[in-house]
Novice: 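Following this message is one structure expressed as structure tokens.
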Amino acid sequence: MKWLYSFLILSASAMADILPFEDDNPVIKGCELKPKTHCENIDLSNQNLSNLDLSGATFVNVSFHNTNLKHADLSYVTFKRCNLDKADMAMVNLNHSDLRSSTLRNTNLESATGWALFAQGVTFDGSVMTGVNFDQARLSGAKLNKVNLRAARLERAWMIKAQLTDSDLTNADIQEAKLNNANLAGAILTGTRIHYATFQDTFMQDCQDCPVNW
């Protein structure tokens, strides 16, 4: 039996060298990917970061180009001068996050949540944003041209001076949203809920079902 006991001890030791602890956090290019982490000036393009908890993190000048961030918890994250173009951010949690000064061109944000998101002036051109919940998001001056916003929730969102040319807001909910001085040229608002939304001086040329007589 002594030999069996020794064998089990050695086997357990070998397994400990192979299997990571459950609370180990991945480290890529010196950036430890965990809640409240702080990473600067690195390239995380084309990485698989899906399902990670990065809540409260700060990323400065980090590229997430073409990165898989599906289902990631990005709540309360600060992105400063980050490139999120072509990233897969389907079903991410962006509640209270700050995207100002970053770009999300041709990004997949399908069914993402971003309650009270800070995204003033952010470029989302060409992105897929179907079914997002961006209630009370700050999107003033944001570029949302040719964006798929079908069935999106944008209740009470601030979208003053936002650019929404040729975007599809079919069946979206923009109740109580502020779209003063926005550009809705060529947009589609068929079935869009606009109760109490404001459109003062909004440009609506060639817009389908826009409230042109608002």
Side-chain angles (χ1 to χ4, degrees), residues 69-77 79 84-100 102-214:
L69 287 158
K70 290 177 69 174
H71 296 282
D73 186 350
L74 304 175
S75 58
Y76 294 92
V77 171
F79 295 94
L84 291 145
D85 298 346
K86 296 186 178 180
D88 189 348
M89 300 176 70
M91 293 169 279
V92 298
N93 179 356
L94 285 163
N95 293 342
H96 298 280
S97 288
D98 189 345
L99 290 166
R100 290 173 293 183
S102 297
T103 61
L104 294 91
R105 302 181 186 92
N106 301 303
T107 298
N108 180 19
L109 285 153
E110 184 177 4
S111 299
T113 60
W115 191 86
L117 174 71
F118 291 92
Q120 297 95 317
V122 171
T123 299
F124 293 93
D125 290 348
S127 292
V128 175
M129 298 174 67
T130 54
V132 299
N133 184 344
F134 281 8
D135 286 351
Q136 298 192 43
R138 282 75 161 176
L139 291 160
S140 298
K143 296 177 178 62
L144 295 144
N145 302 298
K146 296 184 178 179
V147 169
N148 186 341
L149 283 158
R150 295 174 69 93
R153 283 191 51 167
L154 294 158
E155 286 193 25
R156 298 179 300 282
W158 281 84
M159 304 175 73
I160 295 170
K161 296 184 179 180
Q163 301 294 312
L164 291 145
T165 60
D166 299 315
S167 289
D168 188 351
L169 288 89
T170 300
N171 296 323
D173 182 354
I174 58 173
Q175 296 181 92
E176 300 184 61
K178 307 299 182 185
L179 289 111
N180 303 350
N181 298 109
N183 188 343
L184 287 166
I188 302 172
L189 269 68
T190 305
T192 304
R193 283 166 285 180
I194 63 172
H195 198 53
Y196 293 122
T198 62
F199 298 91
Q200 185 174 347
D201 298 320
T202 299
F203 188 65
M204 302 181 186
Q205 182 174 337
D206 299 323
C207 176
Q208 296 183 39
D209 296 311
C210 269
V212 292
N213 296 319
W214 184 87

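What you are looking at is a predicted structure, and each value in this text was computed from that prediction instead of being measured. All residue numbers in this chain count up from 1 along the given sequence.
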Novice: If we only count heavy atoms from C-beta on, is the Val122 to Thr103 side-chain gap below 4.5 Å?
Specialist: no
Novice: Nearest 0.5 Å, what's the NZ-CE distance between Lys178 and Met159?
Specialist: 13.0 Å
Novice: Name all residues meeting the ring-ring contact (aromatic ring centres under 6.0 Å, His included) criterion together with Phe118; count only those two or more places apart in sequence or in a different chain, and write none if there are none.
Specialist: none
Novice: Evaluate side-chain contact (heavy atoms from CB on, under 4.5 Å) for Leu169 paired with Ile174, printing each intermediate quantity in order.
Specialist: CA-CA 9 Å; Leu169 288 89; Ile174 58 173; 4.2 Å; yes
Novice: Output the distance between atom CG (Leu144) and atom OG1 (Thr165), rounded to the nearest 0.5 Å.
Specialist: 9.5 Å
Novice: Applying side-chain hydrogen bond (donor to acceptor under 3.5 Å, both in side chains) as the test, list every pair that has at least one member in residues 194-204; sequence neighbours left out.
Specialist: Asn180-Thr198
Novice: Determine which pairs satisfy side-chain hydrogen bond (donor to acceptor under 3.5 Å, both in side chains) with at least one residue from residues 205-214, sequence neighbours left out, and list them in order.
Specialist: Thr190-Asp209
Novice: So, the side chain of Thr170 versus the backbone of Thr192: is there a donor-acceptor pair under 3.5 Å, distance only?
Specialist: no
Novice: So, for Ala142 and Ala119, which heavy atoms are closest and what is the spacing to 0.1 Å?
Specialist: CB-O, 3.9 Å
Novice: Just verifying a value: how many Å separate Ser127 OG and Lys86 NZ, rounded to the nearest 0.5 Å?
Specialist: 11.0 Å
Novice: Keeping Ser75 on the side-chain end and Asn95 on the backbone end, is there a donor-acceptor pair under 3.5 Å?
Specialist: no
Novice: Just by distance, do the side chain of Asp85 and the backbone of Arg105 share a donor-acceptor pair under 3.5 Å?
Specialist: yes
Novice: Given side chains that start at C-beta, do those of Ser167 and Met129 come closer than 4.5 Å, heavy atoms only?
Specialist: no
Novice: When you compare the side chains of Asn148 and Thr130, does any donor N or O come within less than 3.5 Å of an acceptor on the partner?
Specialist: no
Novice: Restricting to non-hydrogen atoms, name the atom on Arg150 and the atom on Asp168 that form the minimum distance, rounded to 0.1 Å.
Specialist: NH1-OD2, 3.0 Å
Novice: Evaluate side-chain contact (heavy atoms from CB on, under 4.5 Å) for Gln175 paired with Leu154, printing each intermediate quantity in order.
Specialist: CA-CA 7 Å; Gln175 296 181 92; Leu154 294 158; over 6 Å; no
Novice: Measure the spacing between CE of Met89 and NE2 of His71 and express it to the nearest 0.5 Å.
Specialist: 13.0 Å
Novice: Just grab all the disulfide bond (SG atoms under 2.5 Å apart) pairs involving residues 105-211, residues at least two apart or on different chains.
Specialist: Cys207-Cys210
Novice: Keeping to residues at least two apart or across chains, list the ring-ring contact (aromatic ring centres under 6.0 Å, His included) pairs with something in residues 122-168.
Specialist: none
Novice: Begin from the C-alpha positions of Ile160 and Leu139 and carry the test side-chain contact (heavy atoms from CB on, under 4.5 Å) through to its verdict.
Specialist: CA-CA 7 Å; Ile160 295 170; Leu139 291 160; over 6 Å; no
Novice: Mind checking the CG-CD1 spacing from Leu179 to Ile194? Nearest 0.5 Å is all I need.
Specialist: 10.0 Å
Novice: Any chance you could lay out the side-chain contact (heavy atoms from CB on, under 4.5 Å) test for Leu109 and Leu94, step after step, and finish with the verdict?
Specialist: CA-CA 10 Å; Leu109 285 153; Leu94 285 163; 4.1 Å; yes
Novice: To the nearest 0.5 Å, what is the distance between CD on Gln163 and NZ on Lys143?
Specialist: 7.0 Å
Novice: Do the side chains of Phe203 and Leu184 get nearer than 4.5 Å, heavy atoms only?
Specialist: no
Novice: Treating Ser97 as the side-chain partner and Leu74 as the backbone partner, does any N or O pair qualify as donor plus acceptor under 3.5 Å?
Specialist: yes
Novice: Scan for side-chain hydrogen bond (donor to acceptor under 3.5 Å, both in side chains) pairs involving residues 107-126, sequence neighbours excluded, and state none if there are none.
Specialist: Asp88-Asn108, Asp125-Asn145
Novice: Please examine the side chains of Leu84 and Leu69, heavy atoms only from C-beta on, and report whether any two atoms are closer than 4.5 Å.
Specialist: yes
